[in-house]
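The sequence lines fix the lettering, A, B, ..., with proteins before strands; numbering per chain opens at 1.
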Amino acid sequence: SASLSERSEQMRDKLRKWREDNHRNSEQIVDVGEELINEHASKLGDDIWIIYEQVMIAALDCSRDDLAWTCLQELKRQFPGSQRVKRLAGMRLEALEKYEDASKQYDSILQDDPTNTAARKRKISILKAQGKSAEAIRELNEYLEQFVGDQEAWHELSELYINEHDYGKAAFCLEELMMTNPHNHLYCEQYAEVKYTQGGLENLELSRKYFAQALKLNNRNMRALFGLYMSASHIAASPKVNATVKKANVKYATWATNQINRAYQLAGRGTKENKCSVKAVEEMLESITMS
Amino acid sequence: MGEVELSCLAYVKMYLHACLFPRCSVNGLLLSSSPAGGAVCVTDCVPLLHTHLPLAPITQLALTQVDVWCAQTQQRIVGYYQANACVSDSSPTPCALKIADKIAEQCNNAVLLMIDGGKMSPDYRVPPIVMYERKDTRWTLKDKHTIMLRQWEETRDIASQLLDSGDHSLLVDFDSHLDDITRDWTNQKLNAKIAELASPANDNLGVCQLGNPVLR
């Protein structure tokens, strides 16, 4: 019927959008994907294979091994001997915490194709899942020597370093990312946060600059706005700065305060819900601007 | 040291926070509306982060804002909770110790609570939590017999219900608030839902001491 095929169209579009955005909304993907596969498989044409892959990965994420297994069998049948399907089989082993078997699976892919980046990255994921951060970091560094343009890998490495409190190296990774993605406000903002965490006047000033840069790229980045406020306030309060620097930073902090107030006034309009958060911010800002 | 009591509200929100971000480490603050001195009653919690827990700016910001809110609402920050992304290791991380230290500066019998991800399956019989207290300058495991949850079975059921109904997605942590500042990190909406589900308090039913099975 017309409405049934409309429905399957809609579901198909949803799955496509989530694929394109690389969304990890696994519960939704399983919901939509399972219905699509079970009830509308005939309408999907060749799309069905990529949908099987997408749904399988989502199913692993939700501990739905039954569904993952079904998808895997279909893919194995259609693409015997495929490296891509082999990797999916490896991911299933990971989900079942059979890490040694998974590792062997990836090793066999790499034997046939030593440049298979997906398999290498899965091996690093296994180290991460096992809590072997130092090894994961080492392997990821080696990987990046070969594949220096892999953004995802640089970001993963920055996260690993942050968790190990190695802020200097995290900053280095984020610098790489900012260089290749100069318009990405998130990288600027994360870099600023790392610098702020490292502490010391020089790092604080750097953090302030990068919070400001993030705001230039996206003036609604609240973390950057608060970050600018905090870094500028701390610099202004430091006994090590001269009067000129102090004055400039008071100006930045005041500007940030006004922007924050504006944003919260706007946000608070019409909703009773966030009155508490709005009030808390107001008071916080008042207390700092008075000191 | 002293006894610690964990309210249904605090437990449910902490638990849902961990469930909402299963692939991330999450943390938050434990609050009390009781006056200082005597047993520590954790009556509420504020979920804070699910990204970049070790980084300073947002943590400092959150601590300041929660401080202000506590002053406005006659509450105190009495502790800190964290759930690690890696379920096989529920020990406090350096950043957990650091933040807990800071809280302990202002609050004598502050508690550090780790959620044990490995024990969070639906049929768990005991609360999946481990608590630490400060003895001298170190955080040491608290004696299980000094930790109490009233109405544990009811609390556990409320948490499950909210998970099943998908209402756990109502929970707003500070990170989510910064992504969209119209969202309320004091979680008034979720609090109301939890209160709805909780029956009138009967202090003697289903008291759970972590050291003993549930009493009847």
Worksheet item: Can A:R92 and A:D65 be said to form a side-chain contact (heavy atoms from CB on, under 4.5 Å), step by step?
Response: CA-CA 8 Å; A:R92 178 175 168 270; A:D65 190 48; 2.8 Å; yes
Item to complete: Report the C-alpha separation of B:L197 and B:L162 in whole Å, then their side-chain angles, then the decisive distance to 0.1 Å, and conclude whether the side-chain contact (heavy atoms from CB on, under 4.5 Å) test is met.
Response: CA-CA 9 Å; B:L197 292 174; B:L162 290 168; 3.8 Å; yes
Item to complete: List the steps and the verdict of side chain to side chain donor-acceptor pair (under 3.5 Å) for A:H23 and A:Q28.
Response: CA-CA 10 Å; A:H23 236 28; A:Q28 284 182 303; over 6 Å; no
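Residue A:A192 does not touch chain B at all, counting heavy-atom pairs closer than 4.5 Å. Within the 4.5 angstrom heavy-atom criterion, no atom of B:C70 approaches chain A. With a threshold of 4.5 angstrom between heavy atoms, B:D175 approaches chain A through its backbone and through its side chain. Only the side chain of A:E159 comes within less than 4.5 Å of a heavy atom in chain B; its backbone stays farther off.
The most heavy-atom pairs under 4.5 Å with chain A, out of B:N84, B:V66, B:I58, come from B:I58. Options B:T51, B:L178, B:L55 differ in how many heavy-atom pairs under 4.5 Å they form with chain A, and the most are formed by B:L55. No other option in A:E193, A:Q190, A:Q130 has as many heavy-atom pairs under 4.5 Å with chain B as A:E193.
A:K195 is not listed as a side-chain neighbour of A:S231, based on a closest heavy-atom distance of 4.5 Å or more. Using a 4.5 Å cut-off on side-chain heavy atoms (C-beta onward), B:Y15 and B:R156 make no contact. At least one side-chain heavy atom of B:L163 sits under 4.5 Å from a side-chain heavy atom of B:L16. Looking at heavy atoms from C-beta onward, A:K121 lies out of side-chain contact with A:E156 at the 4.5 angstrom threshold.
Note: A:Y264 and B:H177 have tilted aromatic rings, judged against thresholds of 30 and 60 degrees for the angle between ring planes. Between A:H155 and A:Y187, the two ring planes are tilted [angle within 30° to 60°].
Residues of residues 216-224 of chain A lying under 4.5 angstrom from chain B, judged on non-hydrogen atoms, are A:M222, A:R223 in numerical order. Proximity to chain B among residues 160-176 of chain A is limited to A:I162, A:N163, A:H165, A:Y167, judged by heavy-atom separations below 4.5 angstrom.
A salt bridge links B:K119 to B:D116: at least one charged side-chain nitrogen sits closer than 4.0 Å to a carboxylate oxygen. A salt bridge does not link A:E139 with A:K123: none of the charged nitrogens is closer than 4.0 Å to a carboxylate oxygen. Taking the charged nitrogens against the carboxylate oxygens, A:R64 and A:E34 do have a contact shorter than 4.0 Å, which makes a salt bridge.
Between A:Y191 and A:Q213, the side chains place no donor N or O within less than 3.5 Å of an acceptor N or O (distance only, hydrogens not considered).
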